[in-house]
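Order of appearance sets the numbers: ligands from 1, and atoms from 1 within every ligand.
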Amino acid sequence: MKIVLLPDLHVTEKGGLVRGIDPIARLDSCVAAIQRLVADADLCVTMGDNVENGRETEYLALLDCLKPLRMPIRFLAGNHDDRDTLLKVMPEVEQDQSGYIQSALETEREVLLFLDTAKARENSGDYCDEKLTWLNQQLKQAGQKSVYLFMHHPPFRTGLWNDHSRVRDADKFLAAVTAARNVKHILLGHTHRASSGSWNGLAWTTIEGTCYANDFELLPAKPNYLAGPAQIGILLLNGGESVLHFQEVLGTYPLIEYSGRSIRDPELSA
Ligand SMILES: [Fe+2]
């Protein structure tokens with residue numbers, strides 16, 4: 001299964017700038033790269049912070065940008081999103097029994113769970129008991145299949161500035177995912193940086209995203225914002241195996257003219 005990950009798009013109305021850069025121009029470039037590189041992907045997941053201010057006009061602009069993509073799209077909610085407005089513009093977006101933007105996708109070998117870590121009018125992440133009830137049901141239902149979690153806010157510390165806005169009180173969340181013993185990898189946004197690690201034996205990766213990037217600065221400093229290269233993720237899943245490729249879309253390196261022979265040359269393989 002091939003999945004395109006689009007974190008932290010921060011789209012605003014056409015012509016508008018976010019921290020001095022144009023999120024729509026950047027997203028347009030990312031969509032063009034997806035069409036060029038992975039148009040056959042099975043799924044696209046926006047990893048939250050779909051828009052900058054949670055406005056209806058911003059969600060409409062977002063949909064306009066994503067229109068060329070032919071694969072199904074799942075939307076996560078981030079701290080810059082407004083859940084009610086997102087659902088007003090996209091009423092087809094799946095919700096759990098409590099109205100949170102949480103859904104599952106089961107394939108032959110995997111179960112993908114899309115979690116809602118947003119809390120209205122707060123930057124910090126949240127995973128309350130209502131959300132946890134849904135998650136526990138899904139983890140149980142998944143049984144022996146490999147489970148992949150997609151969420152905006154990390155529920156752990158990364159050492160970066162936005163640790164202050166990670167999911168608060170994540171003890172119950174951690175207990176649920178470790179007890180289930182079927183979670184293989186957690187994919188995340190929010191940090192505006194690419195990083196990877198493990199948390200109590202669970203693999204995790206953050207992806208920089210399509211809008212601005214955060215410069216490297218460990219706590220307690222607040223980082224400078226960068227007009228980064230607009231990074232997307234390309235996730236390959238095969239049962240319990242996952243590979244995440246990072247693709248930078250802007251400012252790509254120049255192609256090197258290479259005059260040596262390819263290892264595919266018939267003479268070399270003879
Ligand atoms: Fe963000």
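Counting only distances under 2.8 Å, and ignoring water, the protein N, O or S atoms around the Fe ion (ligand 1) are Asp8 OD1, His10 NE2, Asp49 OD2, His192 NE2.
Here His80 and His190 keep their ring centres 6.0 angstrom or further from each other. Aromatic pair Trp204/Phe156: centroids less than 6.0 angstrom apart.
Every residue meeting the side chain to side chain donor-acceptor pair (under 3.5 Å) condition with Ser195, not counting sequence neighbours, appears here in chain and number order: Thr206.
Sorted by first and then second residue, the ring pair (Phe, Tyr, Trp, His ring centres under 6.0 Å) pairs involving residues 12-64 (not counting sequence neighbours) form an empty list.
With 3.5 Å as the limit, one finds a donor-acceptor pair spanning the side chains of Glu110 and Thr107.
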Please list, one pair per line, the donor and acceptor atoms closer than 3.5 Å that link side chains of residues 215-232 to other protein atoms, with sequence neighbours excluded.
unit_1: Gln231; atom_1: OE1; unit_2: Glu208; atom_2: N; d: 2.8

